Structures are given as C-alpha cells and as structure tokens.
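The structure appears below as structure tokens.
Please read these numbers as outputs of a predicted model, since none were measured by experiment. In what follows, every heavy atom counts, from backbone to side chain, and hydrogens, waters and symmetry copies are set aside.
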Amino acid sequence: MQIYGTQITSPLLLGTAQYPSPTVLNAAIKASGTQIITVSLRRETANGSGAGFFDLLRQNDCHILPNTAGCHTAQEAITTAKMARELFETDWIKLEVIGHSDTLQPDVFGLVKAARVLAADGFKLFPYTTEDLVVGEKLLDAGCEVLMPWGAPIGSGQGLRNPNALRAMRAYFPNTPLIVDAGIGRPSDAAHAMELGMDAVLLNTAVAKAGDPVGMARAMALAIKAGREGFLAEPMERRDMAVPSTPILGMADLG
C-alpha cells in the first residue's frame, strides 16, 4: 500500500486510546505489527496525559498519525490539525469532523471544507468519511489521496453495516487506498473488510477494550492478513442453489 509516497506493508492501523496501561499499549502495538498509530491531540491534552503520553508513542518505530477527534466544525478540525503538525512534526493528519453526537457520523460537508483548506496548506489527509461515492470524489478533488469509510459507528463493534456500499466503493475507486475506520469489533469483521478489497483497517476500541488487548491485537493482525490473501485468491461467487462437488457421470447404476 502506497500512501503519500510512503510504502506501508502492514494493513493494520492501531489507535492508542483507552488501553488499561502504557505497558499494555506498547505490547499491543508490537503484537499487531502496525506501522501507523493514531493519537488524538484534543483527547490527550484534555485528560492531562499530554506530553508524557506523546513521548511514549514516539518510542515506537511507527508513523504517528494525529487525528482531529472531537472536532465538530471544519474550523475546529483545521486549528487542531495545525497544532498537531507543530507538536508531532508531521503533515499526516487523520481528519475527523463529527456531525452527529450519538452515531459520531462524519459531517461530510464540514469534512470536505476542512480538507480543501488543509490540503492547500500541505497536509496529507486521511479523511474519516461515509461510504458515499460523491463525497469520496469531492475529497479526492480536494487533495486527499486516501479514503477512510466507516464500517459502523465508532466504538460500536457492530462490524460492517453496509458491505455492499464498501464493495461499490472499491469498484468505483480502484486505485485509491481504502481503509475501513470504525465499527470493527471482532477479527472476523476485520477479515470481512479485507475480503471486500479494502487496503487496510483501523482499529482501536476492539483491541483496547478486549479482555486481552495484546492477544486481540495479534488476532486482528492474523485475520487481516487472511482476509487480504483471501481477496487476492479470488474467492468463488455465492450461489443460490447447491452444486455437487462429486459428478453424477460415471456413478454406478444400482437399479
């Protein structure tokens, strides 16, 4: 997967919130094999962990992808992105503009507006969006080179609520990196996303809130790899009726 000129070999992106301890977080990062970890500037500064937590993340040999989680307007997201660029010295930003407080669905109008401003300022954006093809086109036109459609509401663990739309997105944007972000709850959900042809999956709550976060990180990595290899192997099409695997021709007639 080539993103903004950088070769990414691990199709698992890992969030860093809600882990029981920094030790468990570091172990989960290693077990997942991820190359990209996300961090919320607003969340960490608001809860007081701040600089110490950011220093901890820098110790991992991963790209840090700051996000604009908690932003509900385009201007909030723009300001947060600029602060994150200064703090982490990176142009990579996971762009979130939330439009609905219950579902945390993206505000796609604010998202496109913020993307235009930030892309013009040199940011390399990873926009958290819906599966809408028109919105995807507008984000690409705004300067994004990757799309991150949601699977289900953030932290819900519902899996992929609209796999047909994700499949259509894959067909419509064949050369654009697609990363499913939000809603993955189990390894089977992650494998499902990859079987649809997605390039990667971003996880947080499913790993952080598992009984064994390190074990779940490892399981997710394996499921994502299996799903990707399954997609590349071109699985059989679903059928409405049974098709016998043993041919009738040549069977003995015992009548």
Side-chain angles (χ1 to χ4, degrees), residues 1-4 6-16 28-38 62-63 65 67 92 94 106 126-133 135-136 139-140 144-210 212-239:
M1 180 171 58
Q2 190 86 3
I3 299 181
Y4 295 110
T6 300
Q7 190 71 27
I8 303 297
T9 58
S10 172
L12 193 164
L13 288 68
L14 194 64
T16 57
I29 290 173
K30 289 181 174 59
S32 72
T34 185
Q35 291 174 280
I36 301 176
I37 53 177
T38 67
C62 296
H63 295 278
L65 179 63
N67 66 46
W92 285 21
K94 180 191 169 191
F126 294 65
Y128 164 62
T129 183
T130 62
E131 322 94 320
D132 190 284
L133 301 182
V135 175
L139 288 168
L140 296 180
C144 300
E145 295 184 13
V146 57
L147 298 174
M148 301 182 72
W150 68 341
I154 293 172
S156 69
Q158 295 179 15
L160 307 184
R161 295 205 304 184
N162 197 347
N164 288 334
L166 292 173
R167 187 181 290 108
M169 230 180 161
R170 177 71 288 166
Y172 198 75
F173 301 111
N175 301 315
T176 300
L178 298 180
I179 303 172
V180 169
D181 178 18
I184 300 296
R186 291 169 173 76
S188 55
D189 300 331
H192 188 192
M194 300 304 290
E195 287 173 352
L196 294 176
M198 300 297 106
D199 294 284
V201 172
L202 194 155
L203 305 163
N204 190 167
T205 309
V207 173
K209 289 300 184 180
D212 177 5
V214 178
M216 184 58 75
R218 188 178 301 110
M220 288 291 187
L222 291 170
I224 288 170
K225 181 179 179 182
R228 179 62 180 172
E229 292 194 8
F231 170 75
L232 294 175
E234 301 181 6
M236 62 174 286
E237 296 295 326
R238 296 182 184 274
R239 297 162 174 167

Does Asp199 use its side chain to pair, donor to acceptor, with the backbone of Leu178 at less than 3.5 Å?
-> yes
Nearest atoms (heavy-atom pairs only) where Cys62 meets Ile36 | CB-N, 4.4 Å
Nearest-0.5 Å distance that lies between atom OG1 in Thr34 and atom CE in Met220 = 13.0 Å
Pairwise distance CD1(Ile3) to CG(Leu13) - rounded to 0.5 angstrom | 6.5 Å
Which heavy atom of Phe231 sits nearest a heavy atom of Met194, and at what distance?
-> CB-O, 3.4 Å
Could you tell me whether the side chain of Asp181 reaches within less than 4.5 Å of the side chain of Lys94, counting heavy atoms only?
-> yes
Just wondering, do Val207 and Ser32 contact through their side chains at under 4.5 Å, heavy atoms?
-> no
With no hydrogens and no angle check, is any side-chain donor or acceptor of Gln35 less than 3.5 Å from a backbone partner on Thr9?
-> yes
Is there a side-chain contact between Leu202 and Leu14, using heavy atoms and a 4.5 Å cut-off?
-> no
Is Arg228 close to Pro11 at the side-chain level, that is, under 4.5 Å between some pair of heavy atoms?
-> no
Closest non-hydrogen atom pair, Ala165 against Glu131 | CB-CB, 3.7 Å
Between Pro213 and Ala210 the two heavy atoms that sit nearest each other are CD-O, 3.5 Å
Report yes if the side chains of Leu222 and Pro187 come closer than 4.5 Å at any heavy-atom pair, otherwise no.
-> no
Taking the side chain from Tyr128 and the backbone from Pro106, do they hold a donor-acceptor pair closer than 3.5 Å?
-> no
Spacing of CE belonging to Met148 relative to OG1 belonging to Thr38, to within rounding of 0.5 Å = 8.0 Å
The reported gap from OG in Ser156 to CD1 in Ile184 (rounded to nearest 0.5 angstrom) is 9.0 Å
Which atoms form the tightest heavy-atom contact between Ala193 and Val201, and what is the distance?
-> CB-CG2, 3.9 Å
Other residues, nucleotides, ligands: >12 heavy atoms within 6.0 Å of Gln7 CD | yes
With a 4.5 Å heavy-atom cut-off, do Trp150 and Arg161 have their side chains touching?
-> yes
From Ile224 CD1 over to Leu12 CG, what is the distance, rounded to the nearest 0.5 angstrom?
-> 3.5 Å
Might you confirm whether atom CZ of Arg186 has over 12 heavy atoms from other residues, nucleotides or ligands at distances under 6.0 Å?
-> no
Are any non-hydrogen side-chain atoms of Leu196 and Arg170 less than 4.5 angstrom apart?
-> no
How about Leu133 and Phe173: do any of their side-chain heavy atoms sit closer than 4.5 Å?
-> yes
Value rounded to 0.5 Å, distance of CD in Glu195 from CZ in Arg167 = 10.0 Å
Only residue of Leu147, Val146, Val135 satisfying side chain to side chain contact (heavy atoms under 4.5 Å, CB included) with Leu140 is Leu147
Could you pull out the closest heavy-atom pair between Ile154 and Ala182, with the gap in Å?
-> CG1-CB, 3.6 Å
